Amino acid sequence: MLNKYNNTVTERFVRYVQIDTQSDPYSEVQPSTEKQKNLSSLLVAELLEIGVSDAHLDDYGYVYATIPSNSDKNVPVICFCSHVDTSPDCSGEGVKPIIHPNYQGQDIILPDDNSQIIRLTDHPDLTHQFGNDLITASGTTLLGADNKAGVAEIMDAAYHLMNHPEIKHGTIKILFTPDEEIGRGTAAVDLQKLGADFGYTIDGETLGSLEDETFSADGVRISITGVSQHPGFAKGRMESALKIAAEIIAKLPKNTLSPETTEGMEGFIHPTNISGAVESAVIDFIIRDFTVEKLHAHEAVLKAILDEVLRAYPNAKATFEVNEQYRNMKEILVKFPHVTEYAMEAITRSGIEAKCMSIRGGTDGSRLSFMGLPCPNIFAGEHAFHGKHEWVTVQDMEKAVETIVNLCVVWEERS
């Protein structure tokens, strides 16, 4: 039997975040870390316990499960998806979740590092949380609401549907993925086995939000080959790859085209890693915007900077490699407007103001949409993710569960 933490989304969430599932971008295996399967195995056990009889974990770290239809209608098969891994940007080991009841706008000093203070002025969305029960970590780790809030919400919705057969719905598929945080969340997913017609990731932020548009994304790698000489005899000969790399970074736009100077529908060029020595160096960039045309324009800006810098180093060389990462899901979702419309109706039925938004990022749904599973993103309530100030509220998670259940009902009614 399951332990006592089996009946509410909050109790599930508190249990899940204490399991370290950090993914590793430098790993070459799938999933990138074996510890992600610790949570996935638990999810399978809990699904089996509530009667979802086909729940299983495959070798690649994916959890597949089916809630059978109880409707006599021909309802399209819909999937709910969240990822189990947490970001490599901040430790996910030894997470100590803390519930702060009846939040009233006060500063929250995290007990394991008193320098970590969650302030209302730094987190504007907290203005909508007065009276709610806030969940944070303890100050030395992230919380893991991205995306264990979504995992807990899907699990709680499944529990509710399995225990309330009077709620009519079609076939519901559940998919939990590994490695989303390192861009590999769909790398080995088997959509034929999944067997869904449409999907929803539960991985959004603000209560009531539905995201049907994401960044399009490319990666750029600049590999520099310099000229190495003994520093004592280098005059007129040495052309340091490291200095070339530093000049490229220094020439990036200061007031535009960077994450720290853009918002809304503005894109950016962002260096994420630099490594090397005198003889060779590598700089990795991510390029983001909402259209492919703008991506190419940003890449042209970066290539022009590289060419300008290299003119002062006649014997150095460099390559400029562009790799497609993901594309704006809007390109697919505009062909299936009812997928978004039904989600907006489900949010409204849950007593929330529905807000259709663009996301300055990507989700598993971005890739799933282009793989043949149109898949917008529904709020999970997670905030300030990838850092020690991450938070979510009990009430937002409960509303996400209600929205998932209502969405199942909407699909059945409209079929």
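Computed over heavy atoms, backbone and side chain alike; hydrogens, waters and symmetry mates excluded. Please read all numbers here as calculations on a predicted model, not as lab measurements.
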Return yes if some donor-acceptor pair links the side-chain N/O of [X] with the main-chain N/O of [Y] below 3.5 Å, else return no.
| X | Y | answer |
| --- | --- | --- |
| D289 | G267 | yes |
| K193 | V189 | no |
| S216 | N328 | yes |
| E382 | A149 | no |
| N70 | P165 | yes |
| D58 | G61 | yes |
| S71 | G170 | no |
| S69 | H169 | yes |
| T66 | P68 | no |
| D156 | A152 | no |

Do [X] and [Y] have side chains that approach each other closer than 4.5 Å (heavy atoms only, starting at C-beta)?
| X | Y | value |
| --- | --- | --- |
| V52 | D54 | yes |
| L126 | L134 | yes |
| T291 | K294 | yes |
| T348 | E353 | no |
| T177 | C81 | yes |
| T10 | I135 | yes |
| Q30 | P178 | yes |
| T33 | Q22 | no |

Would you say [Y] and [X] are linked by a side-chain donor-acceptor pair, where the criterion is simply a distance under 3.5 Å?
| X | Y | value |
| --- | --- | --- |
| D203 | N377 | no |
| D218 | Q325 | no |
| E11 | T8 | yes |
| H100 | D133 | no |
| H389 | Q116 | yes |
| T141 | S91 | no |
| N406 | S350 | yes |
| H83 | D85 | yes |
| T262 | R360 | yes |
| N147 | E180 | no |

Non-hydrogen atoms of [X] and [Y] that approach each other most closely:
| X | Y | result |
| --- | --- | --- |
| A158 | I174 | CB-CD1, 3.9 Å |
| A380 | E153 | O-OE2, 2.6 Å |
| I182 | S23 | CG2-OG, 3.6 Å |
| G195 | V77 | O-CG1, 3.4 Å |
| Y62 | A187 | OH-N, 3.3 Å |
| P271 | I249 | CB-CD1, 3.6 Å |

Above 12 or not: heavy atoms from other molecules or residues under 6.0 Å from [atom1] of [X]?
| X | atom1 | value |
| --- | --- | --- |
| K355 | NZ | yes |
| F370 | CZ | yes |
| Q104 | CD | yes |
| N102 | CG | yes |

### Message
Determine whether D24 and S32 satisfy the following criterion, side chain to side chain donor-acceptor pair (under 3.5 Å), listing intermediate values before the conclusion.
### Response
CA-CA 5 Å; D24 179 5; S32 64; over 6 Å; no
What's the spacing between [X] [atom1] and [Y] [atom2] if we round to 0.5 Å?
| X | Y | atom1 | atom2 | result |
| --- | --- | --- | --- | --- |
| L310 | D307 | CG | CG | 6.5 Å |
| C90 | H386 | SG | NE2 | 10.0 Å |
| S415 | K168 | OG | NZ | 14.0 Å |
| F336 | E341 | CZ | CD | 13.0 Å |
| I118 | I109 | CD1 | CD1 | 11.0 Å |
| S115 | D112 | OG | CG | 11.0 Å |

### Query
When you measure from the centre of the six-membered ring of F320, is the NZ or CZ of R221 under 6.0 Å away and within 45° of the axis?
no
Sidechain N-carboxylate O distance under 4.0 Å for [X], [Y]:
| X | Y | value |
| --- | --- | --- |
| E266 | R288 | no |
| E46 | R12 | yes |
| E345 | R349 | yes |

### Query
So which of Q36, E181, K148, K35 actually passes side-chain hydrogen bond (donor to acceptor under 3.5 Å, both in side chains) with T21?
K148
### Task
Would you sort out whether M329 and T363 count as a side-chain contact (heavy atoms from CB on, under 4.5 Å), showing the intermediate values?
CA-CA 9 Å; M329 66 166 68; T363 68; 3.7 Å; yes
### Task
Give a yes or no on whether the ring-centroid distance for Y64 and H56 is below 6.0 angstrom.
yes
#### Entry: Ring centroid separation F215 to F290 under 6.0 Å
yes
### Message
As a quick check of understanding, evaluate side chain to side chain donor-acceptor pair (under 3.5 Å) for E279 and S228, giving each step before the final call.
### Response
CA-CA 5 Å; E279 187 171 23; S228 180; 5.5 Å; no
### Query
In terms of ring plane angle, is the pair H338 and W411 parallel, tilted or perpendicular, where the classes change at 30° and 60°?
perpendicular
### Query
Between Y200 and F80, what is the ring plane arrangement, given parallel below 30°, perpendicular above 60°, and tilted in between?
parallel
### Task
Test V405 against L161 for side-chain contact (heavy atoms from CB on, under 4.5 Å), laying out the working first.
CA-CA 7 Å; V405 173; L161 291 171; 4.2 Å; yes
#### Entry: Test side chain to side chain donor-acceptor pair (under 3.5 Å) applied to T206 and D125, step by step
CA-CA 8 Å; T206 304; D125 277 338; 3.3 Å; yes
### E299/K303 under salt bridge (Lys or Arg N to Asp or Glu O under 4.0 Å): CA gap, chis, key distance, verdict
CA-CA 6 Å; E299 288 153 12; K303 182 62 165 60; over 6 Å; no
